[in-house]
Amino acid sequence: MSNQGKLRLGVNIDHVATVRNARGGAYPDPLRAARIAEAAGADGITAHLREDRRHISDADIEGLMDVLTVPLNFEMAATEEMQKIALRHKPHAVCIVPEKREERTTEGGLEVAREENRLAHFIAPLREAGCRVSIFIAAEQRQIEAAHRIGAEVIELHTGAYCDAHAEEDFEKRDAELKSLENMSSFAHSLGLEVHAGHGLTYETVQPVAAFPEVMELNIGHFLIGESIFLGLEQAIKEMRRLMDEARS
């Protein structure tokens, strides 16, 4: 397959809200971060409204829907509460993610194969409302097949295991995880699914994933917000954009 257009970058602003919430005030403002990300070349903004509201708040989602000129990718668990919020706002994209209250961050992909019937019914009203539905899953064939069967238009492959293996310098495992991501990107594309990827990507790990021609979008957050402490948010995003474009060309 040839490269079909520019690889998109979705910037996740959750952890700007994490820093704000640490003091309970109004700063730093995630909406300001979203506007800076737009200006720096982000193709979309990702925000995860968790059940416990540990970072992004309902007011943040309201504000993002009002101010963004790029698409909002609304990450959420498959709960009735979140479905109602998504149907009220009708964001461009809804990404269904697993969520456990005790986890620090999303620990793995959604178990679609075991919950196929429930998830098919859950996403149907979202699709009818005009939202593009994405499912966040591990790079496993059975999960991709299940996501396809339930009517998802997009899958987002979880890159966390690959990034963790790189950080731990377990290069054999890293290369195996990368190969799996490559193979499953190709497989998902062959089913007609649009392929996105994300979780844990850094300047060191982004290029091999960005080089996969089937991957149309990367969603990156925690690393960029951390790096912005040293570089500033605009420069942190521009460097990620440069590395992505370099890998793709």
Side-chain angles (χ1 to χ4, degrees), residues 5-50 53-75 91-93 95 97 104-106 136 156 158-160 162-164 166-168 196-212 215-249:
K6 186 180 85 164
L7 176 61
R8 298 191 301 269
L9 170 60
V11 174
N12 185 315
I13 58 164
D14 289 354
H15 296 294
V16 177
T18 303
V19 177
R20 175 196 61 192
N21 296 354
R23 289 289 293 268
Y27 302 101
D29 179 9
L31 271 63
R32 185 179 175 194
R35 287 192 291 265
I36 291 169
E38 275 188 291
D43 301 289
I45 298 298
T46 294
H48 181 178
L49 186 65
R50 281 182 171 266
R53 308 305 198 267
R54 72 174 69 165
H55 36 62
I56 293 295
S57 69
D58 298 71
D60 293 331
I61 298 296
E62 299 266 359
L64 288 166
M65 290 299 298
D66 286 342
V67 306
L68 286 181
T69 59
V70 295
L72 174 65
N73 177 33
F74 180 54
E75 288 189 344
H92 167 78
C95 185
V97 301
R104 286 189 186 174
T105 183
T106 307
F136 186 69
E156 182 168 339
H158 190 316
T159 53
Y162 154 67
C163 294
D164 289 346
H166 178 84
E168 292 156 10
H196 300 177
H199 200 83
L201 292 168
T202 68
Y203 294 151
E204 287 189 350
T205 55
V206 71
Q207 288 197 309
V209 180
F212 300 154
V215 174
M216 301 306 294
E217 180 174 305
L218 297 179
N219 283 297
I220 305 174
H222 184 266
F223 173 79
L224 287 174
I225 303 310
E227 200 65 12
S228 73
I229 295 169
F230 308 106
L231 298 180
L233 184 56
E234 181 182 2
Q235 199 53 47
I237 291 168
K238 283 183 171 177
E239 176 61 9
M240 187 62 80
R241 172 88 268 166
R242 184 190 71 77
L243 290 166
M244 287 166 57
D245 292 344
E246 182 180 272
R248 203 54 173 250
S249 63

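The analysis underlying the following values was restricted to heavy atoms, covering all of them including side chains, and did not include hydrogens, waters or symmetry mates. The chain is numbered in sequence order, starting from 1.
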Salt bridge flag under 4.0 Å for residues Arg241 and Asp43
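Counted as a salt bridge, because a side-chain N and a carboxylate O are separated by less than 4.0 Å.
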For His222, all residues meeting ring-ring contact (aromatic ring centres under 6.0 Å, His included), sequence neighbours excluded
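So His222 forms a ring-ring contact (aromatic ring centres under 6.0 Å, His included) with His15.
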Set out, in order, the CA-CA distance, both residues' side-chain angles and the distance that settles salt bridge (charged side-chain N to carboxylate O under 4.0 Å, His left out) for Arg53 and Asp58, then state yes or no.
CA-CA 8 Å; Arg53 308 305 198 267; Asp58 298 71; 2.6 Å; yes
For [X], which residues count as a side chain to side chain donor-acceptor pair (under 3.5 Å) partner, sequence neighbours excluded?
X	answer
Asn21	none
Thr46	Asn73, Asn219
Glu246	Gln207, Arg242
Glu38	Thr69

What pairs meet the salt bridge (charged side-chain N to carboxylate O under 4.0 Å, His left out) rule with one or both residues in residues 219-232, with sequence neighbours excluded?
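Checked against salt bridge (charged side-chain N to carboxylate O under 4.0 Å, His left out) - neighbours excluded - no pair reaches residues 219-232.
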Do the side chains of [Y] and [X] get nearer than 4.5 Å, heavy atoms only?
X	Y	result
His199	Thr159	yes
Asp60	Leu31	yes
Leu201	Met244	no

Kindly assign one of parallel, tilted or perpendicular to the pair His158 and Phe136, based on the angle between their ring planes and the thresholds 30° and 60°.
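Aromatic pair His158/Phe136 classed tilted.
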